[in-house]
Amino acid sequence: MLRLYNTLTHKEEPFAPLHGDVVRMYGCGPTVYARAHIGNFRTYVCLDVLRRTLKYVCGHQVRQAVNYTDVDDKTIKGALESGTSLREYTDTWIHAFREDSARLGIEAPEETPRATDDENMRAMGDMILTLEAKGHAYRRDGSIYFKISTLPQYGQLARLDRDGMKDGAAVDVDEYSKDDPRDFVLWKASKPGEPSWDVGTGAGRPGWHLECSAMALRLLGGPPIDIHAGGVDLVFPHHENEIAQSEGATGTTFARCWFHIEHLFVESEKMSKSLGNVYTIAEIVARGHRPSALRYLLLSSHYRKQLNFTWTGMDQAEEAIRRIVDFRSRLDTVTDSAAHGRVPPQVADARQAFKTALEHDLNTAGALAAVFDLVRDVNAAIDAHEVSAAEAREAADAIDHFDRVLGVVSLRQAEDAEPPVPVEEIERLIGERRAARERRDFAAADRIRKELVERGILLEDNAGGTRWKKK
RNA sequence: GGCGCCGUCGCCAAGUGGUAAGGCAGAGGUCUGCAAAACCUCCAUCUCCGGUUCAAAUCCGGACGGCGCCUCCA
């Protein structure tokens, strides 16, 4: 059974969906005002692995929502500066995000709501009115605030207490007049020139936290929903405030399990624009790396540990994937008909180890070890001519199964499907080279191989003939 | 000031009470026309100091080092 670390309880707990076999999960998505960076994508790749584990390892169905925050200070400013409407402006970045997500092999969630969609705005308005009716909210100068003192459990997720929040920590000094500095805004009064909505709230726009509460409950049903996720930085105040709003409005638990992904660092430093180390997928590619390598790198350490992105790490990831991909294609070349019985138990062990690792709070590094164990074992068996085609098929099925969760082999194969040299030309040259080798003209043969290497194609001579692959 | 995390081979990284997975890199070897790939062999006692235990990388205490949150942020 899957066990997940729950931020709410600070413990690893067995996880099962509340209703039947459907896991209802919500992830806080990007604010769409710029191209997302690799740190953002660590979160989304880890969510993807969680999603895939739930589906393909645990056998659950998944109903996942990941939102686009398409109205806030940054998006409004960006739209203004680019001279386009908020909708057009955010459309651009949503498109970019989908493009990058696809390059990283992230499965599309069932729901990708936008805050400014009518039905979501209405849901937010309804939630505010409910909070007001229950005495959790108050209006001041056209804005509406959540009154923290009305909710005794406030602070449970982040484990913050009032007394500790003093010296050294910045105290929220707001330009608005709130009853308590910690009260947060549910609805911001509109300013001249800014887009605004009125959903029983007066003209304005939603506060930072409101959209997630409203959309999660609208799209996933409940409460409680099964899993709520995001980057660690969202624990406070975002998620704490989401809990306050949702539980204030519904009177019951908002989310059963809180799943948080640690931050990515770059060359041991926090990413920041001033350091110039905020990389996007496009920049990774421009440096000659495949997105699959980034995905692998993100999977190679545990999601609750800080991960240090380095270019050496990317090089190592490229090599590691290559080993698995080479193995996977080698399996297709096995033609022996006699079974030897050596491989099936190896496959069974690997499948078991893979599952056990993922079930243990998504231990992807451990799962990868299981994959490599199988690679080594079966490679050795093939070298010893002790594998039948059917047994190779079993191993291939296992690798394909593993990759439904890892999503890294298929990604690499897709990336390498378009070689820099036309396939017919590669094959023609391989033919010429074979002829040269047959007449023992190794100089000519080596010349062809060298030429292809320079054009990005590697040749490997095996018992069955010559194989090519992208460098 | 409060809360919390981390320190395992050159690099990355599992393991969290029973005697150190895996990947990358490296050395030697097998195979090969040569390469490549693959395989085999070699390559750490877990930051340090105490303690608990038959047994600790794993638990407790302390030291040193690194980091996060308490403020917009994945």
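All chains are named by letter (A, B, ...) in the order of the sequence lines, taking the proteins before the strands, and each is independently numbered beginning at 1.
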* **Nearest-Å distance once atom P is located in both B:C40 and B:U8** => 28 Å
* Out of B:G22, B:G23, B:A74, which has the shortest distance to the side chain of A:A320? -> B:G23
* To do: Report which part of the nucleic acid A:F327 touches: base, sugar-phosphate, or nothing (heavy-atom distance under 4.0 Å, all strands).
  => nothing
* **Base B:C12 to side chain A:Q316, donor-acceptor N/O within 3.5 Å cut-off** => no
* **Quiz item: A:R42 side-chain donor-acceptor pair to B:A74 base, under 3.5 Å** => no
* To do: Check whether any side-chain nitrogen or oxygen of A:R323 sits under 4.0 Å from OP1 or OP2 of B:G23, and answer yes or no.
  => yes
* To do: Sticking with atom P, work out how far B:C46 lies from B:C9, rounded to a whole angstrom.
  => 10 Å
* Base paired to B:C59 (Watson-Crick or G-U; both N/O distances under 3.5 angstrom) -> B:G51
* Asked: Can you tell which of B:C69, B:C34, B:A37 lies closest to the side chain of A:D461?
  -> B:C34
* Structure fact -> In whole angstroms, the gap separating P of B:G4 from OH of A:Y5 amounts to 10 Å
* Describe the nucleic acid contact of A:R449 in one word from base, sugar-phosphate, nothing, applying a heavy-atom distance below 4.0 Å. => base
* Looking at every strand, decide which applies to A:R328 at a 4.0 Å heavy-atom threshold: base, sugar-phosphate, or nothing. => nothing
* C1' gap between B:U19 and B:U45, integer Å -> 10 Å
* Asked: Strictly by modelled atom types, are A:H289 and A:E318 linked by a side-chain donor-acceptor pair under 3.5 Å?
  -> yes
* Asked: Heavy atoms under 4.0 Å, any strand shown: does A:F442 hit a base, just sugar-phosphate, or nothing?
  -> base
* Starting from the 5' end of RNA chain B, give me the residue, A:H10 or A:S268, whose nearest nucleotide shows up first. => A:H10
* Asked: If you look at every heavy atom in A:V278 and A:H37, which pair is closest and at what distance?
  -> CG1-CB, 3.6 Å
* Any salt bridge between A:R328 and A:D400, counting N to O under 4.0 Å? -> yes
* With sugar-phosphate meaning primed atoms plus P, OP1 and OP2, does A:G313 contact a base, only sugar-phosphate, or nothing at under 4.0 Å between heavy atoms? -> nothing
* To do: Could you let me know what B:U16 is paired to, Watson-Crick or G-U wobble, both distances under 3.5 Å, or none if it's on its own?
  => none
* To do: Give one of base, sugar-phosphate or nothing for A:L459, where a contact means two heavy atoms less than 4.0 Å apart.
  => base
* **Rounded distance (Å) that lies between atom P of B:A37 and atom CD of A:E460** => 7 Å
* Structure fact -> Paired to B:U30 by Watson-Crick or G-U wobble criteria (both distances under 3.5 Å) is B:A38
* Structure fact -> Atom CD1 of A:I382 and atom C1' of B:C31 are separated, to the nearest Å, by 16 Å
* Asked: If you draw a 6.0 Å radius around CZ in A:R103, do more than 12 non-hydrogen atoms from other residues or ligands fall strictly inside?
  -> no
* Within the structure shown, what part of the strands sits under 4.0 Å from A:D315 by heavy-atom distance: base, sugar-phosphate, or nothing? -> nothing
* To do: Quote, to the nearest angstrom, the P distance that separates B:A74 from B:G15.
  => 28 Å
* **Between C1' of B:A36 and CZ of A:R433, the distance in whole Å** => 10 Å
* **Mate of B:G4 where both pairing distances stay under 3.5 Å, Watson-Crick or G-U** => B:C67
* Structure fact -> Partner of A:N67 under side chain to side chain donor-acceptor pair (under 3.5 Å), picked from A:R114, A:E111, A:E211, is A:E211
* Asked: Contact class for A:M271 (heavy atom, under 4.0 Å): base, sugar-phosphate, or nothing?
  -> base
* Using whole Å, report how far CG of A:D446 lies from C1' of B:A35. => 8 Å
* Asked: Touch check for A:I261, heavy atoms < 4.0 angstrom, all strands: base, sugar-phosphate only, or nothing?
  -> nothing
* Spacing between A:D48 atom CG and B:A74 atom P, to the nearest angstrom -> 19 Å
* To do: Among the candidates B:A21, B:A74, B:G33, find the nucleotide nearest to the side-chain atoms of A:L264.
  => B:A74
* Asked: Which letter, B, S or -, goes with each nucleotide of nucleotides 13-20 of chain B from 5' to 3', with contact meaning a protein heavy atom under 4.0 Å?
  -> SSS-----
* Asked: Roughly how far apart, to the nearest Å, are B:U58 and B:G29 at atom C1'?
  -> 37 Å
* **A:S388 and A:D336: side chain donor to acceptor below 3.5 Å** => no
* Structure fact -> For B:A25, the nucleotide meeting Watson-Crick or G-U wobble distances (both under 3.5 Å) is none
* To do: Could you check A:R330 against A:A369 and say which one's nearest nucleotide on RNA chain B is further toward the 5' end?
  => A:A369
* Asked: Side chains of A:E269 and A:N277: is there a donor and an acceptor less than 3.5 Å apart?
  -> no
* If the C1' atom of B:A57 is compared with that of B:U47, how far apart are they to the nearest Å? -> 12 Å
* So, for A:P113 and A:V66, which heavy atoms are closest and what is the spacing to 0.1 Å? -> CD-O, 3.4 Å
* Got a sec: does the NZ of A:K450 have more than 12 other heavy atoms crowding it under 6.0 Å? -> no
* Would you mind reading off the distance between A:E242 atom CD and B:A74 atom P, rounded to a whole angstrom? => 13 Å
* To do: May I ask you to say what A:R437 touches in the nucleic acid, namely base, sugar-phosphate or nothing, with a heavy-atom cut-off under 4.0 Å?
  => base
* **Inter-nucleotide C1' distance (B:C59, B:C3), Å rounded** => 23 Å
* Separation of B:C39 P from A:Q346 CD (nearest whole Å) -> 12 Å
* To do: May I ask you to evaluate whether A:N379 reaches the phosphate of B:C39, defined as a side-chain N or O under 4.0 Å from OP1 or OP2?
  => yes
* To do: Identify which one of A:V405, A:V23, A:L4 satisfies the side-chain contact (heavy atoms from CB on, under 4.5 Å) criterion when paired with A:L50.
  => A:L4
* From the list B:G68, B:G33, B:A37, which nucleotide is the closest neighbour of the side chain of A:K270? -> B:G68
* **Integer angstrom distance from the C1' of B:G7 to that of B:A25** => 22 Å
* To do: Ignoring the backbone of A:E319, work out which of B:A21, B:A25, B:G33 is nearest its side chain.
  => B:A25
* Asked: Does the ring center of A:Y26 lie less than 6.0 Å from the ring center of A:F259?
  -> no
